[in-house]
Amino acid sequence: MTLYPKLILDALATVRYPGSGKNLVEAEMVADNLRIDGMAVSFSLIFEKPTDPFMKSMLKAAETAIHTYVSPDVQVTIATESKQAPRPEVGKMLPQVKNIIGISSGKGGVGKSTVSANLAVALAKLGYKVGLLDADIFGPSMPKMFQVEDARPYAERIDGRDMIIPVEKYGVKLLSIGFFVDPDQATLWRGGMASNALKQLIGDASWGDLDYFLIDLPPGTSDIHLTVVQTLAMTGAIVVSTPQAVALADARKGINMFTNDKVNVPILGLVENMAWFTPAELPENKYYLFGKEGAKKLAEEMNVPLLGQIPIVQSICEGGDNGTPVALDEDSVTGRAFLSLAASVVRQVDRRNVEMAPTQIVEMHK
């Protein structure tokens, strides 16, 4: 049997690409590098992105079509090309970001997202370039906290790739899965889907030059945490807890998760949220609703820094609901507390980077 290009192309024209409904030839997905050598055929299929979800099935369908409509004896070799440049390799993402910090809590309800939002705003007020990723795929809250629930991020073609442009408010670049899903519907995704969505928000977004990239992680320990630490070169993690004993028990687990051998992310420190209640009209008064200095004692026990203690005042709740983080008000009790927290985080990161410098120099000379 003699093979010729039209036989192969006619066979490929029977395969439809699900993304467009057109066949491979009509969709111009067959590259012009078709080669025939006896009964051996080689060519490339062109996809829009290197992460095309139909890539594997199209390769198999194309090979099957040639065997079905031409001959089962044809030796088929199919390569792939993509119109967009590939996403950077794991560990090499966000090269323009100086410091990547995960903000975690062992359990929900301790105010981790409130701390994340206000820390981001406080760092921006100190003059740093800040990005904030809402990595709580199943319960995103940052769009509401920044009053950008109606925002719809768009994509721009940058260096051969379609890149998501983060929303920007209060000097913070922000992305959340909440921008892309119906806020009234539950996000029913398996772990793999959630992890892939998170990788897109990290690697397919134009974050630009940042001094600090904060990641508001979901509560507890999950696939999301592993995805983040396996995808990015983390500077460190911050663990948020209340002084309450049950929260501290889970905070201890959170610290252990980051410091175990499989994850190995340094703990920058603990934040004690809801440390005490202070009435706005009596700013000097402190009422310890959930116990006194529990996180401070845990920090001493675990030999990690206590980065800050954040009091409860009514304005924190109101600011979160209204989309105006309390860190915007430098004259408020909590505004000052978050600016102090931001300064502590900067000092701790600078200290760690100085400690890491000799190791980095050694690595460069290997």
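Salt bridge annotation for Asp211-Lys129: absent, with no cationic side-chain nitrogen under 4.0 angstrom from a carboxylate oxygen.
For the pair Glu149/Pro143, a side-chain contact is recorded, criterion being any heavy-atom separation below 4.5 Å from C-beta on. Side-chain atoms of Phe180 and Pro153, non-hydrogen and from C-beta on, do get closer than 4.5 Å to each other. Between Val346 and Asn99 the shortest side-chain heavy-atom distance does not fall below 4.5 Å. Two residues are said to be in side-chain contact when any heavy atoms from C-beta on lie closer than 4.5 Å; Met58 and Pro18 meet this criterion. The closest side-chain heavy-atom distance from Asp350 to Val354 is not below 4.5 Å. Looking at Leu268 and Pro305, their side chains never come closer than 4.5 Å, going by heavy atoms from C-beta outward. The closest side-chain heavy-atom distance from Thr14 to Thr68 is not below 4.5 Å. Here the side chains of Phe290 and Ile312 are in contact, with some heavy-atom distance below 4.5 Å.
Under the 3.5 Å distance criterion, the side-chain polar atoms of Asp329 are left unmatched by any main-chain donor or acceptor of Gly335. No donor-acceptor pair under 3.5 Å is formed between the side chain of Ser340 and the backbone N or O of Arg336. At least one donor-acceptor pair under 3.5 Å links the side chain of Lys169 to the backbone N or O of Phe146.
Phe213 and Val349 fall within a single hydrophobic cluster, where Ile, Leu, Val, Met, Phe, Trp and Tyr side chains are chained together by heavy-atom contacts under 4.5 Å. Residue Tyr287 is not grouped with residue Trp276 when hydrophobic side chains (ILVMFWY) are merged at heavy-atom distances under 4.5 angstrom, including chains of intermediate members. The cluster map of Ile, Leu, Val, Met, Phe, Trp and Tyr, joined by side-chain heavy atoms under 4.5 Å apart, puts Tyr4 and Met1 in the same cluster. Hydrophobic clustering (side-chain heavy atoms under 4.5 Å, transitive across Ile, Leu, Val, Met, Phe, Trp, Tyr) keeps Val115 apart from Val333. No continuous path of ILVMFWY side-chain contacts below 4.5 Å connects Ile165 to Leu210, so the two sit in separate hydrophobic clusters.
Closest approach of Lys112 to Pro218, counting heavy atoms only: CE-C, 4.2 Å. Between Glu272 and Gln309 the shortest heavy-atom distance is OE1-NE2, 2.8 Å. Summarising the geometry of Ala342 relative to Ala122, their closest heavy-atom pair is CB-CB, 3.7 Å, with the distance given to 0.1 Å. Nearest approach of Ile101 to Met234, heavy atoms of both residues: C-CE, 4.2 Å. Between Leu248 and Ser241, the closest heavy-atom pair is CD2-OG, 3.5 Å. In plain terms, the two heavy atoms of Tyr288 and Ala275 that are nearest each other are CD2-O, 3.4 Å.
Atom CH2 of Trp207 and atom CE of Met163 lie 10.5 Å apart (nearest 0.5 Å). For the atom pair CZ of Phe258 and CG of Asn264, the computed distance is 12.0 Å after rounding to the nearest 0.5 Å. Annotation: the span from Ile78 atom CD1 to Ile66 atom CD1 amounts to 5.5 Å, rounded to 0.5 Å. The structure places OH of Tyr69 at 11.5 Å from CG of Leu12, a figure rounded to the nearest 0.5 Å. Atoms OG1 and CG, from Thr235 and Asn353 in turn, are 6.0 Å apart once rounded to the nearest 0.5 Å. Here the straight-line distance linking atom CG of Leu119 with atom CG of Leu339 works out to 10.0 Å at 0.5 Å rounding.
Residues Asp52 and Tyr17 bring a donor and an acceptor atom of their side chains to less than 3.5 Å of each other.
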Side-chain donor-acceptor contacts of residues 25-45 below 3.5 Å, not counting sequence neighbours, with atom names and distances?
from	atom 1	to	atom 2	distance (Å)
Asn33	OD1	Ser44	N	3.1
Asn33	ND2	Ser44	OG	2.9

Name each donor-acceptor pair under 3.5 Å that joins a side chain in residues 130-138 to protein atoms two or more places apart or in another chain, with its distance.
from	atom 1	to	atom 2	distance (Å)
Asp134	OD1	Asp136	N	3.3
Asp134	OD2	Ser141	N	3.0
Asp134	OD2	Met142	N	3.1
Asp134	OD2	Ser176	OG	3.0
Asp136	OD1	Gly139	N	3.2

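Remark: of the listed residues Val76, Val15, Val74, Val76 is the sole one forming a side chain to side chain contact (heavy atoms under 4.5 Å, CB included) with Glu63.
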| query | Does the pair Ile310 and Val240 meet the rule for a side-chain contact (heavy atoms from CB on, under 4.5 Å), with working shown? | reply | CA-CA 10 Å; Ile310 311 298; Val240 179; over 6 Å; no
| task | Check step by step if side-chain contact (heavy atoms from CB on, under 4.5 Å) holds for Phe338 and Lys125. | result | CA-CA 11 Å; Phe338 279 115; Lys125 288 184 73 66; over 6 Å; no
| task | Determine, stepwise, if the pair Glu48 / Lys83 fulfils salt bridge (charged side-chain N to carboxylate O under 4.0 Å, His left out). | result | CA-CA 5 Å; Glu48 185 68 29; Lys83 296 178 182 179; 3.8 Å; yes
| field | Trace of the side-chain contact (heavy atoms from CB on, under 4.5 Å) decision for Val239 with Val304 | value | CA-CA 10 Å; Val239 176; Val304 298; over 6 Å; no
| Are Leu174 and Met145 close enough, and set up right, to give a side-chain contact (heavy atoms from CB on, under 4.5 Å), and what steps lead you there? | CA-CA 11 Å; Leu174 172 68; Met145 288 189 165; over 6 Å; no
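For Asn285, the CG atom is densely surrounded, since the number of other residues' heavy atoms within 6.0 Å is greater than 12. Counting non-hydrogen atoms of neighbouring residues, nucleotides and ligands closer than 6.0 angstrom, the NZ atom of Lys98 reaches no more than 12 such neighbours.
A perpendicular orientation is assigned to the rings of Tyr128 and Tyr212, their planes being inclined by more than 60° (bins at 30° and 60°).
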